[in-house]
Amino acid sequence: MSTHTRFRHSNIPWLSHLAFLIIPSFILQDSLRTYLLLYTLLIFLFDTENLLLILQDPSEPPLIPHPYLPFLGHVIGMFHHGSNYFSLINETYNYPIYALQTLGARTIVVVSPQLAAPIQRASRNLSFYGMILEVTKRLVGLDEESMRVVRWNLDDELGTGEGLMNEAGHMVARELAPGPNLTAMSTAQLEIFSEQLNALIPSEGCLETNLMGLVKRLFTEANALAIYGPRNIFRIYPELVDRFWEYEAGMIAVMADVLPWVTARRPWLARKAVNDALQEYVEKEYYRAAAPMIQKRVQINLKHGLTPKMAGRAELILLFGITGNAVPSTFWFLANVLARPELLAQIREETRQAVRLEANTVTGKEEKIINVEILKTKCPLLVSTYRESLRMIANLASVRLVTNTHTITAPGYPPILLKKGSMIQIASGVIHVLESIWGPDAKQFNPHRFISTTTSSEQFSSETQVNSTAEHTATQLPKNVPSAAFRAFGGGSVICPGRHFAQSEILGFVTLFVHMFDVRDKETGEVIALPERDNGRIPLSVMKPAKEPHVSIRRRKGEGDVVWQLEV
């Protein structure tokens, strides 16, 4: 369609504008200038984005004009509706890909997994880090000198593999890949969980607590000890556990960077307290007793020129990465099981095959040992429930920055032009509930969704080759669901390297928890109600509950004197 044709068929009322500009010139005299200024402003408010739509290249994603506030309307909508905004637009337009005009750039929103696949592949024209680094800078408080170090050869534009981000990224991916180092970290983590839960409640006692708050405390302490070692900041300063989560709750306000020491004082002070402790952690070399990944990470940062102060702050992003998603993911997994008594009973029964009975010759007590590898490969309902829990809450968009004008192609679609400077968001929350992908029950929780008659011990990589063994277990994805449609861990070239560690720790923790404890609503004494999701927040991690349930926890009957253990 030619530009002239698009002008004629646009939503802009050209004849009305012409009439309202010409006729008043014969009527108004002294106030004509004021009238023309006001009418021009009105045209700007209602028609600017429609004009941009007319002028854009036809092969670009269609621009969706905001109905009354150009440039700012969609931005305000994102802040007001949070994670729901893309869903609201999708309900109206149902485009596989579209553009929103946001201030000086365009945000390209992708809601088709077929189009997400070529976008998330490694490309020098589509940069993940170019998009995420400004967020990282504001998130942890890095100074500009450190950012210059971080940005150097960021996307390997020199083709040498050098630079802080290249070296650190490859190292972390190696350390978190299946192998001896990952096994060591997982073993340490699971041993800590065992100690925590065995000590949590006396055999005849009762703990009344906020379930989300309990998971926050246990995971923060366990992750820090297993990964950052015995001199981690939460072991030295226990009060920082609450400060860390105080910052997490208010970090959007801090990242807005509008006098945060005034406008977001509490989370800003909380971040300062955590950053000060992380600086001490690096300066006093406490990291030398940490897991090899942390030792190497700090040394790489220092080698490339970060000061100890900035190297400490850089660890805040990793703390957030290993804890910020694991905690709400574990909470929702637990809540989905505990709120469904039939599912709870089925998971307890299924996971008995992973429990081994032993008598401790020293203490004389009975021990029950849960093997996490058996959970991952022989317990389909457990793994499927976990993955379905993630599908329902993983709403964080995968992002890319278009560094050079780029064309993507996908079967069934014409070539799509992405112009330099555009920001891309693959809308995970929309993709995860598309009926065309997941079926008519896409918006409902189905714990059996990921169960099939084939097996795979690796649950999260789009490159996995599925084993054809006819064994009833959880598969990588349901039949006919594209690999790019399940986005709990991102995808493509920057799929989350910690997904293996997360799988082991969360499956192990939840299985141990449901075997050891009975959980009831604190007020009613009945089965807990599944809380609603907080859809109004801008997601920087998986979704949180709108209201955190308060529960009473007791040892299960007959389990009071049993010592439980987790093993890889």
Side-chain angles (χ1 to χ4, degrees), residues 176 178-201 211 214-227 291 322-323 325-338 343-344 346-358 367-390 447 450 456-460 473-474 488-489 496 498-517 519 553 555-556 559 562-568:
L176 291 176
N181 286 346
L182 177 62
T183 299
M185 280 193 291
S186 294
T187 299
Q189 173 80 318
L190 296 174
E191 288 176 353
I192 296 165
F193 282 153
S194 302
E195 293 173 6
Q196 288 176 324
L197 294 186
N198 280 304
L200 187 63
I201 305 170
L211 184 59
L214 176 65
V215 177
K216 282 180 181 178
R217 177 173 65 82
L218 296 178
F219 263 74
T220 305
E221 293 174 353
N223 273 330
L225 184 54
I227 298 174
I322 63 175
T323 307
N325 278 313
V327 164
S329 296
T330 303
F331 166 81
W332 283 112
F333 187 11
L334 263 180
N336 277 317
V337 173
L338 296 174
L343 177 60
L344 173 60
Q346 290 171 344
I347 283 180
R348 281 174 174 164
E349 181 61 32
E350 179 190 68
T351 55
R352 288 186 201 281
Q353 64 183 303
V355 180
R356 185 177 76 254
L357 241 64
E358 288 187 1
E367 290 189 353
K368 292 183 177 179
I369 303 167
I370 299 174
N371 185 285
V372 174
E373 204 58 39
I374 294 177
L375 297 180
K376 291 191 289 186
T377 57
K378 307 289 186 182
C379 298
L381 182 59
L382 177 76
V383 177
S384 181
T385 302
Y386 170 47
R387 304 200 74 199
E388 180 72 346
S389 297
L390 293 180
F450 291 87
S456 170
S457 60
E458 162 58 81
Q459 304 296 328
F460 302 112
T473 188
F489 293 89
C496 174
R499 62 197 185 278
H500 310 287
F501 183 77
Q503 180 190 22
S504 294
E505 67 171 343
I506 297 176
L507 291 180
F509 179 90
V510 169
T511 303
L512 181 59
F513 196 96
V514 300
H515 275 287
M516 290 184 68
F517 303 120
V519 181
I553 307 175
R555 289 280 189 126
R556 292 183 69 206
E559 301 293 343
V562 177
V563 176
W564 285 83
Q565 304 289 344
L566 288 165
E567 68 176 14
V568 177

Exercise. Do you know the tightest heavy-atom contact between Phe193 and Ala222?
Worked result: CE2-CB, 3.6 Å
For this session: Check the pair Met516 / Asn198 against side-chain contact (heavy atoms from CB on, under 4.5 Å), numbers first and verdict last.
Result: CA-CA 9 Å; Met516 290 184 68; Asn198 280 304; 3.7 Å; yes
Seminar exercise, completed: Between Ile201 and Arg555, the two heavy atoms sitting closest are O-NE, 3.3 Å
Exercise. Under a 4.5 Å cut-off applied to non-hydrogen side-chain atoms, are Ile227 and Met185 in contact?
Worked result: yes
Exercise. Can you tell me if Ser186 uses its side chain to pair, donor with acceptor, with the backbone of Phe501 under 3.5 Å?
Worked result: no
Seminar exercise, completed: The side chain to side chain contact (heavy atoms under 4.5 Å, CB included) partners of Glu191 (sequence neighbours excluded) come to Thr187
Exercise. Could you go step by step and tell me if Val215 and Leu334 meet the side-chain contact (heavy atoms from CB on, under 4.5 Å) rule?
Worked result: CA-CA 10 Å; Val215 177; Leu334 263 180; 4.2 Å; yes
Problem set entry | side-chain hydrogen bond (donor to acceptor under 3.5 Å, both in side chains) partners for Glu559, two or more places apart | Lys368, Trp564
Problem set entry | Non-neighbouring partners of Glu221 that pass side chain to side chain contact (heavy atoms under 4.5 Å, CB included), sequence neighbours left out | Gln196, Arg217, Val241
Exercise. What's the verdict on side-chain contact (heavy atoms from CB on, under 4.5 Å) for Leu200 and Leu214, showing C-alpha distance, side-chain angles and the deciding distance?
Worked result: CA-CA 10 Å; Leu200 187 63; Leu214 176 65; 4.0 Å; yes
Can you list, pair by pair, the side-chain donor-acceptor contacts under 3.5 Å of residues 505-515, counting residues two or more places apart and other chains?
unit_1	atom_1	unit_2	atom_2	d
Glu505	OE1	Gln189	NE2	2.5
Thr511	OG1	Leu507	O	2.8
His515	NE2	Thr351	OG1	2.7

Exercise. Who are the salt bridge (Lys or Arg N to Asp or Glu O under 4.0 Å) partners of Arg556, not counting sequence neighbours?
Worked result: none
Exercise. Do Glu367 and Arg356 pass the salt bridge (Lys or Arg N to Asp or Glu O under 4.0 Å) test, and can you show the C-alpha distance, the side-chain angles, and the key distance before you say yes or no?
Worked result: CA-CA 8 Å; Glu367 290 189 353; Arg356 185 177 76 254; over 6 Å; no
For this session: Kindly write out the residues that satisfy side-chain hydrogen bond (donor to acceptor under 3.5 Å, both in side chains) with Asn181, not counting sequence neighbours, or none if the list is empty.
Result: Glu175
Exercise. Does the side-chain contact (heavy atoms from CB on, under 4.5 Å) test come out yes or no for Gln565 and Ile370, once each step is laid out?
Worked result: CA-CA 6 Å; Gln565 304 289 344; Ile370 299 174; over 6 Å; no
For this session: Output all residues satisfying side-chain hydrogen bond (donor to acceptor under 3.5 Å, both in side chains) with Thr220, sequence neighbours left out; order by chain, then residue number.
Result: Trp245
Problem set entry | Residues that Gln353 engages under side chain to side chain contact (heavy atoms under 4.5 Å, CB included), provided they are two or more places apart | Glu350, Ile374, Lys378, Cys379
Exercise. With no hydrogens and no angle check, is any side-chain donor or acceptor of Asn371 less than 3.5 Å from a backbone partner on Val355?
Worked result: no
Exercise. Heavy-atom distance under 4.5 Å between the side chains of Pro447 and Asn336, does that happen here?
Worked result: no
Exercise. Got a sec, which pairs hit side-chain hydrogen bond (donor to acceptor under 3.5 Å, both in side chains) with one end in residues 325-335, sequence neighbours left out?
Worked result: none
Problem set entry | Least distance between heavy atoms, Ser384 atom then Phe450 atom | OG-N, 2.9 Å
Seminar exercise, completed: Rounded to the nearest 0.5 Å, the CG atom of Leu375 sits from the CG atom of Leu382 at a distance of 6.0 Å
Exercise. Looking at residues at least two apart in the chain, or sitting in another chain, which of them share a salt bridge (Lys or Arg N to Asp or Glu O under 4.0 Å) with Glu195?
Worked result: none
For this session: Return the minimal non-hydrogen interatomic distance between Arg352 and Arg348, and the atom names on each side.
Result: CG-O, 3.2 Å
